[in-house]
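Inspection log for the structure reproduced underneath, given as structure tokens.
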Amino acid sequence: MMVPAALLLLGALAAVVAPRLLARADWPDREPVVALWVWQCVVAAVLLCCALSMTLSAAAAWVVVRGHVFGPAPHSVVDAYALSSGSPWAATTAVALACGGAWTAAMLVREVVRARARRRQSRAELLLRAPLLPGEEPGADRLVVLEGVRPDAWWLPGAAPQLVVTTGALRRLKGRQLDAVLAHEQGHARARHDWLLHCSGALANGFPQVPVFAAFRDEMHRLVELSADDMASRRFGRLTIALALVELNEDRGVFGPCPTPQAHVPQRVHRLLTPPDRLTAARRLRLTAAAALVPVIPVLVTFVPGLRALS
């Protein structure tokens, strides 16, 4: 029963240490795509620790599960995990972790169902405000213009994704600023940022007492915007996308002294106007490779006793 306990400790260590290290680092704002990857690897490692600990705990508690897990493995491999000695906490640990896994799946399903419901409602409202012309197919246009004084633009994901822009935004956005906004929203669609937000939201809502999941959700919302800003700025320049952000958000009070739900917008504009130096390609590669190794650690911890028994 040492391996399941070690996996739980490893998961707890990753959940506590990794967010603090990422919060102190200065490179996530400089390389948001790499930061997105690192966060996903950290959360995957935490979840993998729980899943592997649950499997080994169940194998220790119930002989039937042990037979399915180890199958035709030699007796020396099974003995290396000391599962036959059992533990009064093995069944409790396995059941608790299994309930946590089921709750996570339920929260993810709920998040996806709610997102689809919101999407259907948004498309219904869009169809009501911008009805189809005779002979026009639904979803045929990727750009939809709505009558509205308030400058706004948003992307509707789905099988036929569409960019919705109000006439107020068209009056505000000048030159290539509209193209920059379109490129920003297309960046979200290409990278499937909606799925990242669904997964992070499901974990944070399902386990509000776990700080790493709340930090994961908050960072996903922030980093996907930075990543989309960078995608748009590569085509149209940082100044263009910065001015577009100012034009779209100037009347919402986000640049005032009082905090607002869009308080990250001034930080994005400042980042675009004073771009930090990017990391070198070699360092980006090292960070990506190191992050990819994080979920491998719990797998190694799990298999090391069996591999030692075979050697």
Side-chain angles (χ1 to χ4, degrees), residues 27-41 111-112 115-116 118-119 122-123 126 139 141-146 151-166 169-170 172-201 216-249 252 254 261-279 281 284-285 287-288 291:
W27 60 264
D29 285 356
R30 299 159 65 185
E31 299 292 344
V33 175
V34 178
L36 285 170
W37 170 249
V38 172
W39 268 103
Q40 292 174 74
C41 291
E111 188 73 21
V112 173
R116 289 182 175 177
R118 290 192 299 267
R119 193 181 306 161
S122 298
R123 291 193 180 277
L126 180 63
D141 295 326
R142 296 177 64 85
L143 179 63
V144 179
V145 179
L146 288 182
D152 205 354
W154 66 93
W155 187 264
L156 277 181
Q162 293 176 303
L163 176 67
V164 184
V165 181
T166 63
L170 293 180
R172 282 290 190 91
L173 299 176
K174 305 175 183 65
R176 298 202 302 170
Q177 293 175 8
L178 178 60
D179 295 329
V181 171
L182 176 60
H184 173 97
E185 299 299 339
Q186 285 177 336
H188 285 312
R190 290 196 193 98
R192 300 308 303 267
H193 287 160
D194 54 327
W195 278 103
L196 276 178
L197 299 180
H198 293 333
C199 294
S200 61
F216 180 48
R217 176 194 56 195
D218 296 340
E219 284 298 288
M220 288 304 98
H221 281 275
R222 189 178 71 89
L223 291 173
V224 296
E225 295 298 336
L226 299 185
S227 174
D229 286 344
D230 289 347
M231 293 181 193
S233 65
R234 291 189 192 105
R235 292 179 58 189
F236 300 99
R238 290 180 172 270
L239 180 60
T240 303
I241 189 65
L243 292 175
L245 285 173
V246 173
E247 294 293 344
L248 290 176
N249 295 279
R252 301 181 185 181
V254 299
Q262 293 84 21
H264 62 281
V265 174
Q267 300 171 4
R268 290 167 56 193
V269 172
H270 181 268
R271 174 179 177 271
L272 288 167
L273 295 178
T274 56
D277 294 332
R278 294 195 62 188
L279 301 181
R284 291 199 301 270
L285 182 60
L287 285 171
T288 303

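Treat the numbers as computed from the prediction; the structure is a model and nothing was measured.
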Hey, could you give me the [atom1]/[atom2] distance between [X] and [Y], rounded to the nearest 0.5 Å?
X    : Y    : atom1 : atom2 : result
L239 : S233 : CG    : OG    : 11.0 Å
L223 : D229 : CG    : CG    : 11.5 Å
R268 : L245 : CZ    : CG    : 4.5 Å
L196 : W39  : CG    : CH2   : 13.0 Å
I241 : M231 : CD1   : CE    : 12.0 Å
W195 : E111 : CH2   : CD    : 10.5 Å

For the residue pair [X] and [Y], what are the closest heavy atoms and their distance?
X    : Y    : value
A242 : V269 : O-CG2, 4.2 Å
S227 : L36  : CB-CD1, 4.2 Å
A180 : F236 : CA-CD1, 3.7 Å

Answer whether the closest heavy-atom distance between the side chains of [X] and [Y] falls below 4.5 Å.
X    : Y    : answer
L146 : V164 : yes
L273 : R238 : no
V224 : L226 : no

Qualifying residues under side chain to side chain contact (heavy atoms under 4.5 Å, CB included), relative to [X], sequence neighbours excluded:
X    : answer
H221 : L197, R217
L173 : A169, Q177, L178, V181, A244, E247, L248
C41  : W37, A291, P295
Q186 : R142, W155, L182, R190, R235

Subject >> Heavy atoms from other residues, nucleotides or ligands near CZ of R234 exceed 12 (cutoff 6.0 Å) >> reply: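 More than 12 within 6.0 Å, yes.
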
Output all residues satisfying side-chain hydrogen bond (donor to acceptor under 3.5 Å, both in side chains) with [X], sequence neighbours left out; order by chain, then residue number.
X    : answer
R278 : E31
R172 : D251
R222 : D29, E219
H193 : H188

Can you list everything that forms a salt bridge (charged side-chain N to carboxylate O under 4.0 Å, His left out) with [X]? Sequence neighbours excluded, please.
X    : value
R271 : D230
D152 : R252
R192 : D194

Subject >> Worked check of side-chain contact (heavy atoms from CB on, under 4.5 Å) between L287 and L279 >> reply: CA-CA 10 Å; L287 285 171; L279 301 181; 3.6 Å; yes

Subject >> side-chain contact (heavy atoms from CB on, under 4.5 Å) between V145 and T166, intermediate numbers included >> reply: CA-CA 5 Å; V145 179; T166 63; over 6 Å; no

Original post:
Residues two or more places apart in sequence or in another chain: which of them pass ring-ring contact (aromatic ring centres under 6.0 Å, His included) with W154?
Top reply: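 Testing W154 for ring-ring contact (aromatic ring centres under 6.0 Å, His included), a comparison that skips the adjacent residues, returns none.
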
